[in-house]
Amino acid sequence: MKIRSAVLAASIAALAASASADVKVGMITTLSGGGAGLGIDVRDGFLLAVKQAERDDLEVFVGDDQRKPDVAVQLADKMIQSEKVDVLTGIIWSNLAMAVVPSATAQDKFYLSPNAGPSALAGKGCHPNYFNVAWQNDNLHEAAGAYANDAGFANSFIIAPNYPAGKDALTGYKRFFEGELAGELYTKLGQTDYAAEIAQIRASGADSVFFFLPGGMGISFLKQYAASGIDLPVVGPAFSFDQGILQAVGDAALGVKNTSQWNKDINNAANISFVKDFETEYGRLPSLYASQGFDTANLLISAMETADTTDPDAFRAALKAANFDSVRGSFKFGDNHHPIQDIYVREVIKEGDVYTNKIIATGLTNHADAYAGDCKM
Amino acid sequence: MVGGSYLPPTGTVFHMTFTLFAEQLLNGLQFGVMLFLMSAGLTLVFGVMGLINLAHGSLYMVGAFAAAAVAAATGSFVLALMASLAAAAAAGAIIELTIIRRLYNRDHLDQVLATFALILIFSEGTRWIFGSFPLFLDVPQALSGPITLPGGIEYPLYRLAIIGIGLGVATGLFAMINRTSVGIRIRAGEADREMIAALGVDIAKLYTFVFALGAALAGFAGALVGAIQSVQVGMGEPVLILAFVVIVIGGIGSIKGALVGALLVGMTDTLGRFLLPQMLGWILEPSSAISIGSAVSSMSIYILMAGVLIYRPQGLYGSG
Amino acid sequence: MRREHIINLVTLAVLVVVPLGAWVLDEPFIITLATRAVIFAIAGVGLNLALGQGGLVSLGHAAFFGIGGYAMGILASHAQAYAPLMEWPFLIEGTKSMPIIWLVAVVSSALAALAIGALSLRTSGVYFIMITLAFGQMIYYFAISWPAYGGEDGLVVYVRNGFPGLNTLDPIQFFGLCFCVLCIVLWAMSRVQNSAFGLALASARQNPVRVQSVGIDPYRLRLVAFTLSGAITGLSGALFADLNRFVSPTMLSWQMSGEIMVFIIIGGVARLFGPVIGAMIFILLEHVLGGVSEFWHIYLGALLLMIVLFAKGGVIGALAGREVAHD
């Protein structure tokens, strides 16, 4: 009864033609069910970089976690025990990362996070083998708070789903926002009707709204907010404004400010060719998530240039050096292996028929996370 | 924690809270009406055929996707709504003819499992056809934006339209069941299945009709709601669970119960989300009031349902 | 020997031989899969008592599965942080010892099942299905929004809990432990099925009036069955959490309740070994189909549909025929 998952290797079997692959990477990401769009973007960005590197000593196994923590744990076990991978990556959601990462790093595997950045892994729970190539969860919200000050907002209404990442979001915003709060609301996770919340925003006397409602929740909120006739400025992290879902929000998102560490108009050679190549390869514009997947793969490949996984200390040092051309421009790791990077303010615009973003300001420069001080390693 | 009050500065308090409260009542009504469209089909199918259909949420999704696809192709919201009715009715008729009718004489367990299997097929099938990203469906231009109601309440026109359409559908449904010959057969079927077969009614056709009708209502609700929410795979399941809560509270099989249950659930959920964190704010410090209030309000309708069932195990209007 | 007995023995043999073979061939992941199947089987055996024997279609058993999981998560996380659960009125410390965790998991899920059952059993039929679903959802949302134990992020336990005399981190030893638990549960269940209680429960499903006429209260019978059923499912939840070294609200979701029910249906309702075979097939399918297509849920759905429509007794029913009365 030998169980072998064909999808895993098949997607890039051509690349892994060589039998003696030196580095094996296990990618656990969400490819089916709700939220599959994010995982597909991360995977596609990652595989694009792998393809461009044309290395025959790199083998990638892709597995679908269905956004279920227990499936993710099982995939991690499979990849570590059966495929004997050296590096794990791919997880989108913080709760899945918390289920997989601590035990993977405890088994001396490297983990490169292309999306989730829970605070526990940035502070007390940091680990030498854990590298976050995206952001610590609070970062984009902190930048939104900083932007709100710059924009002169004095009285914000803030709203997020009632779960840990939602609480981190509001905490992150409040950490930088200097004004008063007209109201603070936690909604049910997965809620799709925000009429009651929008009514409270209207009645609150706020001068601005900050929201963190990822995925379908954000689409619903923005459409309903636009229909309500309230014209207070809205600011939020990039997650409700990425390329994948903007088209579903439509005009309701136009003009909204959002914070992101990446956009397709960042002007550097790596980014220009990434945007062009991604569109050629997959026939759609890359999203934030695709850029993170792409950077993650390039970080890994850059480490492979100078070190070997058989020497973990050297490989770790090579990862820490982050000697690759990030599509974000300047990119380096702090002592807790989380990014120190610029976070931009973007505005939603329409280019022809396509809704997309353009950078209008820099929210925070060379920004590190708030938990780095708690990390002892 | 900066600022803790949700009420605007003193002086305007009374007026503002009145309009806010009135707006929340309208929101509760609108949510309730929407839930009724979803529950009516579910309760009819159970009342007439004795079938639990977990895949009802999938028909809601089918309606929304059909509407989004047609709106994208033609730009017409009216055509999109018609497409949602047609697509969901067709999907309903097809699964009734091929699968559902084999389940009428089975126990509830088989029905739950077979329709659970249908959810898996519908969800992944839709994702296979339309991809993993949400689709776009917008409110028609004529209904966009807010209007000002008497009393100074600003309210989105589209939500008012949903209330109107929903109440219209409810009236039509009651008229159909009480006045038309199809309605008489449906009522007869609820009362005694063997008898109407003996009366020469083609029961198979009646069942297909009832199932397709329920499906069409669900698909219609999906399209109406899809315009202000997001059209995506998996959108049906949360609504399905709410619809079950509604029909169980109202009494399974009763259209009237579904209406009352839908309004009760709509009001409880909306007002619970709005009032609970504030009321707890009087006795707790603000941050724990928000946290506990949100936790309890997300459970409020289930508490309501458990309460009703303990008090009346057959629901409010249930028979037997 | 009846054919069903032969099937049961073959099932147990497969369940022993496959992981042992994997152990010899050094394929630890297959042992992990087998352990998962064994744990799901225990959950299914628990539900089968209520559902098969008692005719109580509970769509809320994930609640007990999750409560068992959280019993493990909460005790172990306190033990790993060296922070007592409570200091007043008396000191309760966390623990990393499996037997104690199991006891707590069984008792707490039994208590939850007793409370939920006492209210839900006032209803029957569809209302029962829906009210159990409602209670399950209530606990699910509570777990998501209650911040003390991780909310949606869940709780991570870094090292698997210990069992005296065993190295539980070794996959084959942990498998052996879970397998023993399954055997004990199966043995206990076979005793229950043939006891006066089991027979009364089955006849309360078929003909409640007859049971009432001999002076037995069907409500109490069902409540005892529901409580026992919840307790067993809770035990499997604690094991599942230990397998993953992680617990989260997904264990409490209604899809989980649906999956536990699916194990029973695939194997055969009210058959002692139904959930065991069902869980094994489910795990096998998940891996074979999951490898074939991203859209494997379509095939799973189609297969499930075929079993419900055309193979009513599940796999055991198809292989053994209708030797055991069940309807």
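Remember, it's a predicted structure, so these values are computed and weren't measured experimentally.
- Of the two parts of A/Phe221, neither the backbone nor the side chain holds a non-hydrogen atom closer than 4.5 Å to a non-hydrogen atom of chain B.
- Between B/Asn27 and A/Ala199, the shortest heavy-atom distance links the atoms ND2-CB, 4.0 Å.
- At a heavy-atom separation below 4.5 angstrom, chain A is approached by B/Gly145, B/Pro146 within residues 141-149 of chain B.
- To the nearest 0.5 Å, atom CD of residue B/Gln30 and atom CG of residue A/Asp193 are 5.5 Å apart.
- Among all heavy-atom pairs drawn from B/Gln24 and A/Ala195, the shortest one is OE1-O, 4.3 Å.
- Note that CE of B/Met235 is 10.5 Å distant from CD1 of A/Ile219, once rounded to the nearest 0.5 Å.
- Counting all heavy atoms, side chain and backbone alike, B/Gln232 lies closest to A/Gly216 at NE2-CA, 3.6 Å.
- You'll find the side chain of B/Arg273 stays beyond 4.5 Å of the side chain of A/Lys188, heavy atoms only.
- The main-chain N or O of B/Leu137 is found under 3.5 Å from a side-chain atom of A/Lys223 such that the two form a donor-acceptor pair.
- Heavy-atom distances place both the backbone and the side chain of B/Phe274 under 4.5 Å from chain A.
- In this structure, the side chain of A/Gln224 engages the main chain of B/Ile228 through a donor-acceptor pair within 3.5 Å.
- Between B/Pro134 and A/Ala248, the closest heavy-atom pair is O-CB, 3.6 Å.
- For the set A/Thr192, A/Asn162, A/Ile40, the count of heavy-atom pairs under 4.5 angstrom toward chain B peaks at A/Thr192.
- In this structure, B/Ser230 and A/Ser220 approach most closely via the heavy-atom pair N-OG, 3.4 Å.
- Minimum interatomic distance between A/Gln247 and B/Phe136 (heavy atoms only, all atoms of both residues): O-CB, 3.1 Å.
- Heavy-atom distances place the side chain of A/Asp41, and not its backbone, under 4.5 Å from chain B.
- Using non-hydrogen atoms only and a strict 4.5 Å limit, no part of residues 63-71 of chain B faces chain A.
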